[in-house]
Amino acid sequence: MDVSEAPRHDRPVGPDWPIRSASGGGGPVRSIIFSRRAASWYFGASIALIWLISVGQEIVLQSGSALAMAAGLALLVVFAIAFLTGAPLAWSLPAERRLLVCAGLLALSFALFPWIGWGVVGTWTYVGVLVGVSVLSWRITWPVILGLGAVALLAAGLSDGWSEDILWLPAIIVSISLMMAAFGRTTAAMNRLRDTQAQLEVLAVERERNRVGRDLHDILGHSLTVITVKAELAGRLMEADPVRARSEIAEVEALARGALVDVRATVAGFRGVNVSGELAAARSALDAAGIDAEVPSSTESVPAERRELAGWIVREGVTNVIRHSGAAHCRIVLRADEIEVADDGCGPVAASASSSGLAGLRERVESAGARMSVGRSDLGGFSLRVLL
C-alpha cells in the first residue's frame with residue numbers, strides 16, 4: 001500500500017480498507033469481493049443466514065401457489081446474496097456512500113412484504129449487521145441502528161399490538177448490530193496495524209540497505225584509495241628502492257585483507273570505527289600520497305560518545321583530500337565541539353563537494369544531531385567541518 005494512501009485515524013476504516021484507488025474513490029469492486037478478507041466475511045455471514053430459514057418457511061406457508069412460492073423464495077435468495085456481498089461492496093466505497101448499500105438492503109427486504117407482511121422486520125437484523133460492519137463513524141452508526149430498532153418496534157406494535165412480546169426483536173436488532181459495529185472497528189484496527197507493520201518492515205529494509213551501501217562506500221572508498229596510492233608508490237620504487245617497494249606491497253596486502261574484514265563486518269552489522277585508528281591510517285595514507293600531514297597526537301578532546309562519528313569524518317575527509325585535492329598539506333583538527341579536515345589544494349569543486357561519500361557522511365552526521373559544512377579552508381583548499 002502506498003504510504004500516501006495510509007488510512008488516517010480520524011476517519012472510519014473498513015476491514016478491507018487497503019484495497020483502495022489512489023484517487024480516493026472506491027477500489028476495484030471485483031478485487032475486494034474476491035479478496036482474502038472478504039472470504040472471512042463470507043464464512044461468518046453464511047452461518048448467520050441460517051436464520052432466514054424461518055422466513056423461508058413463512059413464505060411457503062403464505063404462498064397461494066407454487067409460482068408465488070418460487071418467486072418469494074427467489075427474492076429471499078436475492079436478499080441473502082445482497083447481504084453477503086453488501087459488506088465488501090460497502091468497503092469499496094468512500095465512507096460517506098457506504099450507507100447507501102445498507103439502505104439498498106433495507107429496501108430489498110420490503111420486496112418480501114407481499115408474502116410475510118411486517119414479518120420483514122425479522123430481516124432487519126441483517127440490515128443492522130451490515131451497518132455495523134460497514135464501519136461508519138459512530139455519529140452515524142448509533143442513530144441509524146437505534147432508528148432501525150425504533151422503526152422495528154413501531155412496526156411490530158402496529159401489526160401485533162402493543163405488548164412486552166414485541167420488545168425482543170428490536171432488542172436483538174440493536175444489540176447484535178452494535179456488537180458487530182464494535183467487532184468491525186476492532187477488525188479494521190487490526191488490519192490497519194498489520195498494514196502499518198508491513199510499511200515499517202519495508203522502511204527498515206530500506207534503511208538497512210542504505211546503511212550497508214553507505215558503510216561499504218566509506219570503507220571501500222578509503223581502502224581502495226590508499227591501496228591505489230601505495231601500489232603506485234611501490235611501482236615507482238620497484239627499481240630505485242626494492243626493499244621499500246616490498247614493504248609497500250606488504251601494506252597493500254594488509255589493507256586489502258583489512259578491507260575484506262571490514263566489508264564482512266559491515267554486512268553483518270557490527271562495523272565500528274575508532275578515531276585513533278583512523279588518525280593512524282590517515283598519517284600512513286597521506287604519507288604514501290606524498291601529502292604533508294598535520295595530525296593531532298591525541299583524541300582526548302573528542303567526547304567519548306562522538307569518537308566513532310569522528311572516525312568516519314576523518315576517514316571520509318582524508319579520502320577526499322587524496323582523491324580530489326591535489327594538495328601538498330592536510331590538517332586534521334579535533335576539538336570538543338568541532339572536527340575539521342582541511343587542505344591547501346584546489347579547493348571546493350562540484351565533483352568533490354557533491355560526492356556520494358560526502359552525501360553519506362552528511363546523512364550520518366545529521367542523524368547524530370551534528371551539523372556538517374564544506375567550503376574553502378584558511379589554507380586555501382577544501383574544508384570539511386562538522387560542529388558536534
Side-chain angles (χ1 to χ4, degrees), residues 7-17 20 24-27 29 32 37-38 41 44-45 48-49 51-52 55 79-113 116-192:
R8 301 197 312 264
H9 293 274
D10 61 349
R11 66 182 176 184
V13 190
D16 227 324
W17 177 267
R20 297 298 304 272
V29 176
I32 295 179
R37 291 173 182 173
W41 157 256
L49 290 177
W51 299 106
L52 286 180
V55 179
F79 179 87
I81 294 174
F83 171 68
L84 285 175
T85 58
L89 179 61
W91 300 337
S92 72
L93 298 173
E96 63 273 11
R97 293 169 56 189
R98 295 178 189 175
L99 197 58
L100 295 176
V101 179
C102 306
L105 187 66
L106 178 63
L108 185 59
S109 70
F110 281 98
L112 301 173
F113 194 88
I116 58 178
W118 283 109
V120 297
V121 172
T123 66
W124 289 1
T125 303
Y126 296 96
V127 178
V129 168
L130 185 58
V131 172
V133 299
S134 294
V135 197
L136 306 166
S137 64
W138 278 117
R139 62 184 177 83
I140 296 177
T141 301
W142 276 99
V144 169
I145 291 178
L146 292 178
L148 190 64
V151 174
L153 179 62
L154 179 62
L158 293 177
S159 61
D160 300 332
W162 297 95
S163 66
E164 295 180 356
D165 293 337
I166 66 173
L167 295 176
W168 65 271
L169 185 55
I172 289 175
I173 292 174
V174 172
S175 61
I176 292 180
S177 300
L178 290 177
M179 179 184 69
M180 292 305 297
F183 175 77
R185 277 160 177 74
T186 301
T187 303
M190 291 176 61
N191 290 332
R192 187 161 50 208

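None of these values were measured; they are calculated from a predicted model.
- Of all heavy-atom pairs spanning L52 and A80, the tightest one is CD1-CB, 3.9 Å.
- A distance of 6.0 Å separates CG of L146 from CG of L178, quoted to the nearest 0.5 Å.
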Cut-off 3.5 Å, no hydrogens considered: what does the side-chain donor-acceptor table look like for residues 162-172, sequence neighbours left out?
unit_1, atom_1, unit_2, atom_2, d
S163, OG, D165, N, 3.4
W168, NE1, D165, O, 2.9

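- Pairing each heavy atom of W138 with each of A181, the nearest pair is CH2-CB, 3.8 Å.
- Here the straight-line distance linking atom CD1 of I145 with atom CE of M180 works out to 10.5 Å at 0.5 Å rounding.
- Taking all atoms of both residues into account, the shortest heavy-atom contact from A87 to W41 is CB-CE2, 3.5 Å.
- Contact check for T187 versus V135: no side-chain heavy atoms found under the 4.5 Å cut-off.
- Rounding to the nearest 0.5 Å gives a distance of 12.5 Å between CG of L89 and CG of L84.
- W51 is linked by a side chain to side chain contact (heavy atoms under 4.5 Å, CB included) to Y126, counting only residues two or more places apart in sequence or in another chain.
- For the atom pair L99 CG and L130 CG, the distance stands at 9.5 Å (nearest 0.5 Å).
- For the atom pair L158 CG and L154 CG, the distance stands at 4.5 Å (nearest 0.5 Å).
- Remark: L112 CG to F79 CZ distance equals 7.0 Å, nearest 0.5 Å.
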Under 3.5 Å donor-acceptor pairs involving side-chain atoms of residues 100-110, not counting sequence neighbours:
unit_1, atom_1, unit_2, atom_2, d
S109, OG, L106, O, 2.5
S109, OG, W124, NE1, 3.1

